[in-house]
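A, B, ... follow the sequence lines: proteins, then strands. Residue 1 opens every chain.
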Amino acid sequence: MLPRENRMRRSSEFASVVRSGERARRGHVVVHRHSSLHTGKPVVGLVVGKSVGGSVARHQVSRRLRAQLASRLDGLADGSGLVVRALPGAAQATSAELGADLDAALNRLARSR
RNA sequence: CGAGCCGGCUGGACGGCCGCGUCGGGAUCUCCGGAUCCCGCCGAGGAAAGUCCGGACUCCACAGGGCAAGGUGGUUGUUAACGGCAACCCGGGGCGACCCGCGGGACAGUGCCACAGAAAACAGACCGCCGGCGCGCACGCGUGCUGGUAAGGGUGAAACGGUGGUGUAAGAGACCACCAGCGUUCCGGGUGACCGGAGCGGCUAGGUAAACCCCACCUGGAGCAAGAUCGAGAAGAAUCACCUUGGCAACAAGGUGAUUUGCGCAGACGUUUGAGGGCGGCCCGCCCGAGUCUGCGGGUAGAUCGCUAGAGCCUGUCGGCAACGGCAGGCCGAGAUGGAUGGCCGUCACCCGGCGCGCGAGCGCCGGGGACAGGAUCCGGCUUAGAGGCUGGCUCGUCCG
C-alpha cells in the first residue's frame, strides 16, 4: 500500500492536477501528471468510478493500482502530483497488465517533457 | 433403500516476500502543533447489500383537541419498538411430515362485473314442459295465437340452496322432512380469536374493499453530509521570489510559494494641524499617502468531537409449549474519511475435465475452478443475491427381523 505521505488527500489537488496537468491514456488507465504541484514528496491519487464496476470490483482495482504505484514512486520527481483514472474494463485486468499500462503512460509523459 | 418435509452450522487452511489503518508502549527529531522509526494487540459479512419497516441518538417544531395525509388489519402473547417473531384460531392444499393466506366491514352508501348467454342484481322465457282458443287430421298428433311455468337443456367464474316427498294442467319453499347456510336465544368450554350442543325464525342471502368508502389502532418533521466546538482564509486583485516553456535579449504565457487586501456591528485616531506605511539599529530627515487600528459577532475550507461497551457476546441455570424473559459467571470483537483490513507467489485439502494403471473400492499425472458480495452513527427485523460443504429431527413407501 502507499505510505501516507505519498497519498493525495485534498480535492483541490485532484482538481488542479486533472485540470491543468498533462495527460496520457494507455490500456485501462488515464494518467494525469502535474510536475510542480507542491513542495515535498510526490503524491498519487486514484479515481475509480462506478463505470468500472460494483463496490468490490472498484476496491480491488484501486488496491491493485496502489500496489503497482507504490513500486514506481522512485521514478516520480519531488513536488509532482499524479492522478490515475481507471477506465471501464480495468476490473478484468490483472495486476501485471495494469502495471504495464502504467509504465507505458509514464514513459509517454516522460518523453513529452 | 427410495421419495419427500422442516430446520441448524459453515462460507477454505497454512506459509514466504513486500505493505496499510486504529490503539498502547518506547526511541529520535521538533517551528511544541506534531513528524519519523521500532515493538505489541486488534483490524469486514451472513447477508456488511437493497434501504423496505421499527427504534436509539441529534436538531427543529409542539398547551390541548380536531381535520387532512400515510400506514397497519384473525386472537393472545413477546419486545425499546415494529408491517418482526411465537403459539393458537379460521379458510384452502397435501395420504402424511407440513405448507399457503394482501385473514376487519359488502344489510352505511356509491361504483364495477369483460366474453359467452334468452337473461348478470328490484334478474331472466332461447329450447323445453303445460293449459285455453282456432285450424288441419292418418285421431298417435301437427300448427297458429294467447297465457302459465325456473323441474330439465345449453352459456358462464357465478343463474336466486341440495336430496326426497306432498302438491299441480305443468311447476315452484307453495307446503313438509332431513342436510347445508344465514340470523337469533340459551347452555357448556376457552384470557381471546373461536369451538361444541340445544331451540326458534324466515325459507336463501352473488362477487369485488391491492375500487372509492366505513370502522379500530398507530404516526410531528428532517436526518451522523444529524449536530457540537475551534476556525485560517479562499476566489479576484496587487507586490515579490522561484520553476517550466518560447525567445539572442527585453519580455510573454503557465504554474508554485510568501505577503497584503475580506463580511456584519461598535469604538478610537486621521485627510496638509498627516492616521498609517517605506528607507533605517534608533532619532532627525526624506518619500508614499486616505484610510488605519482595536474589540465583539457570524462563519467558508479545514481540523477536532459525535465515534463506537452495546436493547452487546458466550456459558450455565430457572420460568415459559414457544417467541422471549429473570439470575449468576466470564469476555471486549473494526472505527477508516480520496476512505485501512491488502499486492504477488507457493503448498495442502475440496470440486470438474482429460489421460494412464488396477478385477474393483481407488491411485497417479496434467489442466482448470472456488460463489454472492465489502463497513461509513449504532442496533432489532424483513427482502433479495449466493459456488459449495457438514449436520439434526420428522413423514410416506418397499424389503428384512
Side-chain angles (χ1 to χ4, degrees):
Chain A
M1 288 286 101
L2 288 172
R4 174 164 276 191
E5 59 180 347
N6 294 115
R7 293 184 195 159
M8 190 177 292
R9 309 183 68 143
R10 290 173 181 272
S11 52
S12 59
E13 294 178 329
F14 275 84
S16 61
V17 169
V18 171
R19 197 178 325 119
S20 57
E22 304 152 281
R23 180 176 55 184
R25 176 186 170 174
R26 287 290 184 279
H28 297 293
V29 298
V30 177
V31 177
H32 301 263
R33 191 194 60 181
H34 197 305
S35 52
S36 54
L37 181 66
H38 66 142
T39 58
K41 297 278 185 63
V43 294
V44 175
L46 294 172
V47 176
V48 183
K50 277 191 175 174
S51 58
V52 174
S55 177
V56 175
R58 288 204 305 276
H59 279 88
Q60 185 178 44
V61 167
S62 47
R63 285 194 304 255
R64 283 176 171 168
L65 283 174
R66 269 198 290 269
Q68 295 300 315
L69 285 166
S71 61
R72 290 165 172 79
L73 282 176
D74 294 340
L76 299 175
D78 281 356
S80 65
L82 205 69
V83 168
V84 177
R85 188 151 54 86
L87 298 172
Q92 280 76 42
T94 64
S95 280
E97 291 167 0
L98 291 174
D101 290 342
L102 281 175
D103 285 334
L106 288 172
N107 283 333
R108 162 78 173 78
L109 291 173
R111 272 187 283 111
S112 73
R113 52 187 292 159

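- For B/rG46, the base is syn relative to its sugar; the glycosidic angle is within 90° of 0.
- Between A/Q60 atom CD and B/rA44 atom P there is a gap of 18 Å when expressed in whole angstrom units.
- Put simply, CG on A/L65 is 12 Å from P on B/rG339, counting in whole angstrom units.
- Atom CZ in A/R63 sits 8.0 Å away from atom CZ in A/R66 (nearest 0.5 Å).
- Following rounding to the nearest Å, A/H59 (NE2) and B/rA49 (C1') show an atom-to-atom distance of 14 Å.
- One interatomic measurement links the two molecules: CG of A/L69 to C1' of B/rG342, which rounds to 15 Å at whole-angstrom precision.
- Nucleotide B/rG70 carries an anti base; the chi torsion (O4'-C1'-N9-C4 or O4'-C1'-N1-C2) is more than 90° from 0.
- Side-chain nitrogen and oxygen atoms of A/R66 include at least one within less than 4.0 Å of the OP1 or OP2 phosphate oxygen of B/rA340.
- Base orientation of B/rA44: syn, since the glycosidic angle falls within 90° of 0.
- When Watson-Crick and G-U wobble pairs are counted only if both distances are under 3.5 Å, B/rC350 pairs with B/rG369.
- Judged purely by atom type and a 3.5 angstrom limit, A/R25 has no side-chain atom pairing as donor or acceptor with the backbone of A/V30.
- The partner of B/rC296 is B/rG264, judged by Watson-Crick or G-U wobble contacts that both fall below 3.5 Å.
- In this structure, B/rC307 forms no base pair with any nucleotide, since neither Watson-Crick nor G-U wobble geometry is met with both distances under 3.5 Å.
- Only the C1' atoms considered, B/rC113 is 50 Å distant from B/rC62, to the nearest whole Å.
- Here, B/rG109 and B/rG153 have their P atoms 37 Å apart, quoted to the whole Å.
- Rounded to whole angstrom, the span from the CG atom of A/L102 across to the P atom of B/rC344 amounts to 14 Å.
- Taking atom CD of A/E97 as the reference point, atom P of B/rC344 lies 12 Å away to the nearest angstrom.
- In this structure, A/S95 does not reach the B/rG343 phosphate: none of its side-chain N or O atoms is under 4.0 Å from OP1 or OP2.
- Within residues 44-57 of chain A, the residues approached by RNA chain B to less than 4.0 Å at the level of any non-hydrogen atom are A/L46, A/V47, A/S55, A/V56, in residue-number order.
- Panel note: side chain A/D101, backbone A/V29; no donor-acceptor pair is recorded below 3.5 Å.
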Atom pairs and distances, side-chain donor-acceptor, residues 81-95 of chain A, under 3.5 Å, sequence neighbours left out:
{"residue": "A/T94", "atom": "OG1", "partner": "A/E97", "partner atom": "N", "Å": "3.3"}

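- For the pair A/R63 and B/rC20, the criterion of a side-chain N or O lying under 4.0 Å from OP1 or OP2 is not met.
- Rounded to the nearest Å, the gap between the P atom of B/rU36 and that of B/rG11 is 37 Å.
- With contacts defined as side-chain heavy-atom distances shorter than 4.5 Å, the pair A/L102/A/L65 qualifies.
- Across the C1' atoms, B/rU304 and B/rG335 are found 16 Å apart, a figure rounded to whole Å.
- Across B/rC160 and B/rA121, the matching P atoms stand 15 Å from one another, rounded to whole Å.
- Of the possible polar contacts, one joining the A/R72 side chain to the A/G99 backbone as a donor-acceptor pair under 3.5 Å is found.
- Using Watson-Crick or G-U wobble geometry with both donor-acceptor distances under 3.5 Å, B/rA87 finds its partner in B/rU75.
- Here the closest non-hydrogen pair linking A/S71 and A/Q68 is OG-O, 2.9 Å.
- Nucleotide B/rA252 has B/rU245 as its partner under the Watson-Crick or G-U criteria, with both atom distances under 3.5 Å.
- For the P atom pair drawn from B/rU149 and B/rC126, the interatomic distance equals 15 Å after rounding to whole Å.
- Base-pair partner of B/rG181: not found among the strands shown (Watson-Crick or G-U wobble, both distances under 3.5 Å).
- In this structure B/rG380 sits in the anti conformation; its chi angle is more than 90° from 0.
- Nucleotide B/rC137 is matched to nothing when pairs are restricted to Watson-Crick or G-U wobble geometry with both distances under 3.5 angstrom.
- A syn orientation is assigned to B/rG33, its glycosidic angle lying within 90° of 0.
- Nucleotide B/rA290 forms no Watson-Crick or G-U wobble pair with any nucleotide shown, as no partner meets the under 3.5 Å limit on both distances.
- The interatomic distance linking A/R58 (CZ) with B/rG374 (P) rounds to 9 Å, in whole Å.
- Between B/rC230 and B/rC60, the distance separating the two C1' atoms is 24 Å to the nearest Å.
- The distance from the CG atom of A/L98 to the CG atom of A/D103 is 11.0 Å, given to the nearest 0.5 Å.
- Separating the C1' atom of B/rG299 from that of B/rU341 is a span of 38 Å, rounded to the nearest Å.
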